[in-house]
Amino acid sequence: MKIEQIISDAAAKAVKALYGVDAAPGTTTPQKTKKEFEGNLTLVVFPFLKASHKAPEATAQEIGEYLLAHEPAVAAFNVIKGFLNLVIAPAFWSEMLHHIDEEEQFGIRQATPDAPLIMVEYSSPNTNKPLHLGHVRNNLLGYSLSEILKANGNRVVKTNIVNDRGIHICKSMLAWQKWGDGITPEKAGKKGDHLIGDFYVLFDKHYKQEVKELEAQGMTAEEAEAASPLMQEARAMLRKWEAGDPEVRSVWEMMNNWVYAGFDETYRRLGVDFDKIYYESQTYLEGKEKVLEGLEKGIMYRKEDGSVWADLTGEGLDHKLLLRSDGTSVYMTQDIGTAKLRFKDYPIDKMIYVVGNEQNYHFQVLSILLDKLGFKWGKDLVHFSYGMVELPEGKMKSREGTVVDADDLMDEMIATARETSAELGKLDGCTAEEAEEISRIVGLGALKYFILKVDPRKNMTFNPKESIDFNGNTGPFIQYTHARICSVMRKAAEAGIDYRHEDTSLVAPTEKEISLIQHLADFPSVVAEAGRIYSPSLIANYVYDLVKEYNQFYHDYAILREANSQVRAFRLMLSANVAKVIKSGMGLLGIEVPDRM
RNA sequence: GGUUGAGUAGCUCAGCUGGAUAGAGCAACAGCCUUCUAAGCUGUGGGUCUUGGGUUCGAAUCCCAACUCAAUCACCA
């Protein structure tokens, strides 16, 4: 049982015995004692004053004496104002560490076959351009969230809905046909997604030129945009695509495959994956049927022009279009269709959409509509909404080429890691392959941690030159600590020391060691809380605090140099378990930790 | 205007279920490597927690109002 629970129960008993009342729920839960006071856990006694009819100090004193007499885990106490600071017996902490040491997967729960099935949708790219920094945030959040949910004993299906059809891809296709001269990724020596992205930008360039010329002839901006021959051609191509024109379809298929090959490489480097990929071209017609079904049931209504709408004024929202007057689908209809397919494929209990905050309204509406249409998870669907990533000079605009490309970014991070490592002489004695692997792990670790440590709701500014540091509250700092512990463990092994062969049960931990053990013991509840509130940043900050604390310990205490073999073994055990929790915690963020760096 | 989210040190952020003197990192300055990895550790300076009310023994935290910023409120996706 957790120490907090033991103390809470004992405190409730104390209040009952001393004052004859039941303590209100939650009031007996202790909190961590602040660093500047003596003790490990603190009980705030203000809530009990009404029952005790005594001053805070006297009440705390009484409860403290009761606990000392009746609860063996309590070794001592002190009172400051209304705060009862409890010192937990060192032997208890020692036992706690042994318990942590025995659990290979400490803090991680395995899913049972009947555990809730949660589907997490993330990434969801368009196929007309490569992934950029905004996608990186999305992918990292989605992957980490999935890992955290798994660690809480859920079954998780990671899914990606690829937006592979529409006017945007037609633009790229058209530009490729007009100016591509039959080029392929192989011939260009370029990743397919980048090649297609180039044609998208090229289309926009020519299109803007056309609009400008038409405006010069006296058209308004709106008229010019409609009259642009290029845009008309792109629209015609989309109509052909929808009609199943073989030629258009074959170009479309070829170019999308180029893009997928590029995406796959980016995903692999980023370390994210999916259990099931949906393609919009295969789902976009699905929603219509469901909407018509809703029309029959009176959930939707039809206007005179034939368009179909949902009236959401009862929910405080507006009317929402679901089918155009020509009978075609809009975005919302497609999402309803995708939901239908997903539910057919998996009996999901919960659906989580990792999508930027610009779609808050969309998901609010989707939730209501799915609920009305009878999806059991519709009402409680989670829109995991995250803020924009902006650059120092403002927003990223793909058409203007002011985006930070995901592949370039990873290259840069890894290159910086390589340089920094070389400067510090960290890679001396490594093979070229080892050095490259370490640079990769460290560079990506810096990037991932930088993004995941902040609250997803917040917009974040990303300065490519300054943002990513390797010192302080960073991924490499945490990785470094792990590597350092591994180094100690290696040296221990070389010296023939195995802490498990030593009897460490009677070693009394010092205050600093207790503090570390207490921190380690928190890991399971942090994982649980991160799963409850969907927060990778909680894990990131927890690991940082743990590492900070360990480095102080490492600095002040001898481990292998300790003469007493039992104490030495105890400290090795403590170190090994800190490394273990660092590794699991970072794993929940999708960040690898190297054994040396 | 409606809705949602954010506002804490020069900068980037923790602090969410109300508790003790509001914490980290970066940047600046000053120290610590013949000894387990100095990507580390220690110290100094830096705050009207946007503002005003309210609830409470106690508010950065909860409630109300205002202000600022962002997103959104399309027969785009």
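Note on naming: letters A, B, ... go to the chains in the order of the sequence lines (proteins, then strands), and numbering restarts at 1 for each one.
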Point to revise | Polar side-chain contact T481(A)-rA39(B) base: donor and acceptor under 3.5 Å | key: no

Practice item. Measure from the side-chain heavy atoms of V454(A) and tell me the nearest of rC36(B), rA77(B), rC13(B). Key: rC13(B)

Check your understanding: What is the nucleic acid contact for V44(A), judged by heavy atoms within less than 4.0 Å: base, sugar-phosphate only, or nothing?
Key -> base

Review point. Between rA20(B), rA24(B), rA77(B), which nucleotide has the shortest distance from any of its atoms to the side chain of Y544(A)?
Key: rA24(B)

Exercise for review: May I ask you to check whether S281(A) and D164(A) show a side-chain donor-acceptor distance below 3.5 Å?
Suggested key: yes

Point to revise | d(CG, D455(A); P, rG7(B)) in whole Å | key: 8 Å

Practice item. Let me know the distance between CE of M231(A) and P of rC76(B), rounded to the nearest Å. Key: 12 Å

Practice item. Please evaluate the base of rA77(B) for a donor-acceptor partner in the side chain of D335(A) within a cut-off of under 3.5 Å? Key: no

Check your understanding: Nearest to the side chain of L538(A) - rG25(B), rC16(B), rG40(B)?
Key -> rC16(B)

Review point. Does a nitrogen or oxygen in the side chain of K303(A) sit under 4.0 Å from OP1 or OP2 of rC75(B)?
Key: no

Point to revise | Side-chain-base donor-acceptor pair under 3.5 Å for K34(A) and rU21(B) | key: no

Exercise for review: Check whether any side-chain heavy atom of V578(A) lies under 4.5 Å from a side-chain heavy atom of E549(A), and answer yes or no.
Suggested key: no

Exercise for review: Using a cut-off of strictly less than 4.0 Å, decide whether R596(A) has a side-chain nitrogen or oxygen near OP1 or OP2 of rC36(B).
Suggested key: no

Practice item. Tell me what Q359(A) touches on the nucleic acid: a base, only sugar-phosphate, or nothing, going by heavy atoms under 4.0 Å. Key: base

Exercise for review: Would you mind reading off the distance between R484(A) atom CZ and rU35(B) atom C1', rounded to a whole angstrom?
Suggested key: 14 Å

Review point. Just wondering, do N160(A) and Y278(A) contact through their side chains at under 4.5 Å, heavy atoms?
Key: no

Point to revise | Interatomic distance at P, rC75(B) relative to rC69(B), whole Å | key: 28 Å

Check your understanding: In whole Å, what is the span from the CZ atom of F83(A) to the P atom of rG18(B)?
Key -> 14 Å

**Study point:** C1' atoms of rG7(B) and rA66(B), separation to the nearest Å
**Key:** 14 Å

Review point. Quick one: do the N85(A) and T42(A) side chains pair a donor with an acceptor below 3.5 Å?
Key: yes

**Study point:** Length of the OH-P vector between Y480(A) and rA39(B), whole Å
**Key:** 4 Å

Practice item. Taking only the side-chain nitrogens and oxygens of K458(A), find out if one of them lies under 4.0 Å from OP1 or OP2 of rG7(B). Key: yes

Practice item. Can you figure out which of rG40(B), rU37(B), rC57(B) approaches the side chain of F477(A) most closely? Key: rG40(B)

Review point. So, is R561(A) near the phosphate of rU35(B), with a side-chain N or O under 4.0 Å from OP1 or OP2?
Key: no

Exercise for review: Taking the six-membered ring for Trp and the full ring for Phe, Tyr or His, determine whether the centres of Y353(A) and F363(A) are under 6.0 Å apart.
Suggested key: yes

**Study point:** Six-ring centre of Y557(A), R571(A) cation under 6.0 angstrom, axis tolerance 45°
**Key:** no

Point to revise | NZ/NE/NH1/NH2 to OD/OE distance under 4.0 Å, E242(A) and R239(A) | key: no

Exercise for review: Mind checking D326(A) for me? I need base, sugar-phosphate or nothing, with any heavy atom below 4.0 Å counting as a touch.
Suggested key: nothing

Exercise for review: Ignoring backbone atoms, test whether N357(A) places a side-chain nitrogen or oxygen under 4.0 Å from the OP1 or OP2 oxygen of rU4(B).
Suggested key: no

Review point. Under 4.0 angstrom, heavy atoms only, what part of the nucleic acid is F37(A) near: base, sugar-phosphate, or nothing?
Key: base

Exercise for review: Determine the contact category for Y542(A): base if any of its heavy atoms lies under 4.0 Å from a base atom, sugar-phosphate if only primed atoms, P, OP1 or OP2 are that close, otherwise nothing.
Suggested key: nothing

Study note, to complete from the structure: Re rG5(B): Watson-Crick or G-U wobble partner, both distances kept under 3.5 Å, found to be rC69(B)

Check your understanding: If you check every side-chain atom of R490(A), which of rA24(B), rU37(B), rC75(B) has the closest atom?
Key -> rU37(B)

Review point. Counting side-chain heavy atoms from CB outward, which of rA77(B), rC36(B), rA14(B) is closest to N541(A)?
Key: rA14(B)

Exercise for review: Sort out the partner of rA74(B) for me: Watson-Crick or G-U wobble, both distances under 3.5 Å, none otherwise.
Suggested key: none

Review point. Using a cut-off of 4.0 Å on non-hydrogen atoms, how would the nucleic acid contact of T474(A) be classed: base, sugar-phosphate, or nothing?
Key: nothing

Review point. In whole angstrom, what separates K320(A)'s NZ from rA74(B)'s P?
Key: 7 Å

Practice item. Please give the nucleotide sitting opposite rG45(B) as a Watson-Crick or G-U wobble pair, both distances under 3.5 Å, or none. Key: none

Review point. With respect to the phosphate group of rU17(B), does any side-chain polar atom (N or O) of R532(A) fall under 4.0 Å of OP1 or OP2?
Key: no

Point to revise | Heavy-atom side-chain proximity of V308(A) to R324(A) below 4.5 angstrom | key: no

Point to revise | Phosphate-side-chain proximity, K81(A) and rG19(B), N/O vs OP1/OP2 below 4.0 Å | key: no

Point to revise | Lys/Arg N to Asp/Glu carboxylate O, R440(A) vs E437(A), below 4.0 Å | key: yes

Point to revise | Whether K288(A) side chain and G327(A) backbone form a donor-acceptor pair below 3.5 Å | key: yes

Study note, to complete from the structure: Of S325(A) and N85(A), the one whose nearest nucleotide on RNA chain B sits closer to the 5' end is N85(A)

Review point. Within the structure, does a side-chain N or O atom of Q552(A) lie under 4.0 Å from either OP1 or OP2 of rU42(B)?
Key: yes

Exercise for review: Check whether the side chain of S421(A) and the base of rA39(B) form a donor-acceptor pair under 3.5 Å.
Suggested key: yes

Point to revise | Which nucleotide in rU4(B), rU72(B), rG19(B) has an atom nearest any side-chain atom of Y361(A) | key: rU72(B)

Revision key, fill the gap. Paired to rU61(B) by Watson-Crick or G-U wobble criteria (both distances under 3.5 Å) is none

Exercise for review: Go through rG19(B), rA39(B), rC13(B) for me and flag the one nearest to the M597(A) side chain.
Suggested key: rA39(B)

Practice item. For N128(A), answer base if it contacts any base atom (sugar-phosphate contacts may also be present), sugar-phosphate if it contacts only those atoms, and nothing otherwise; contact means non-hydrogen atoms under 4.0 Å. Key: nothing

Check your understanding: Taking atom C1' in both rU55(B) and rA65(B), what distance in whole Å separates the two?
Key -> 15 Å

Study note, to complete from the structure: Side-chain contact check for Y554(A): nearest option of rA39(B), rG19(B), rU37(B) is rU37(B)

Point to revise | Rounded distance in Å - CZ (F46(A)) to P (rU55(B)) | key: 20 Å

Check your understanding: Considering only heavy atoms and no angle criterion, is a donor-acceptor pair shorter than 3.5 Å present between the side chain of D305(A) and the base of rC75(B)?
Key -> yes

Point to revise | Pairing partner of rC16(B) (Watson-Crick or G-U wobble, both distances under 3.5 Å) | key: none

Point to revise | Pairing partner of rG10(B) (Watson-Crick or G-U wobble, both distances under 3.5 Å) | key: rC26(B)

Study note, to complete from the structure: Base orientation of rC33(B), chi within 90° of 0 counted as syn, else anti, reads syn

Exercise for review: Using a 4.0 Å heavy-atom cut-off across all strands, classify I533(A) as base, sugar-phosphate, or nothing.
Suggested key: base

Review point. Counting side-chain heavy atoms from CB outward, which of rC36(B), rC26(B), rA38(B) is closest to K426(A)?
Key: rA38(B)

Practice item. Write down the distance between CZ (R302(A)) and P (rC75(B)), rounded to a whole number of angstrom. Key: 17 Å

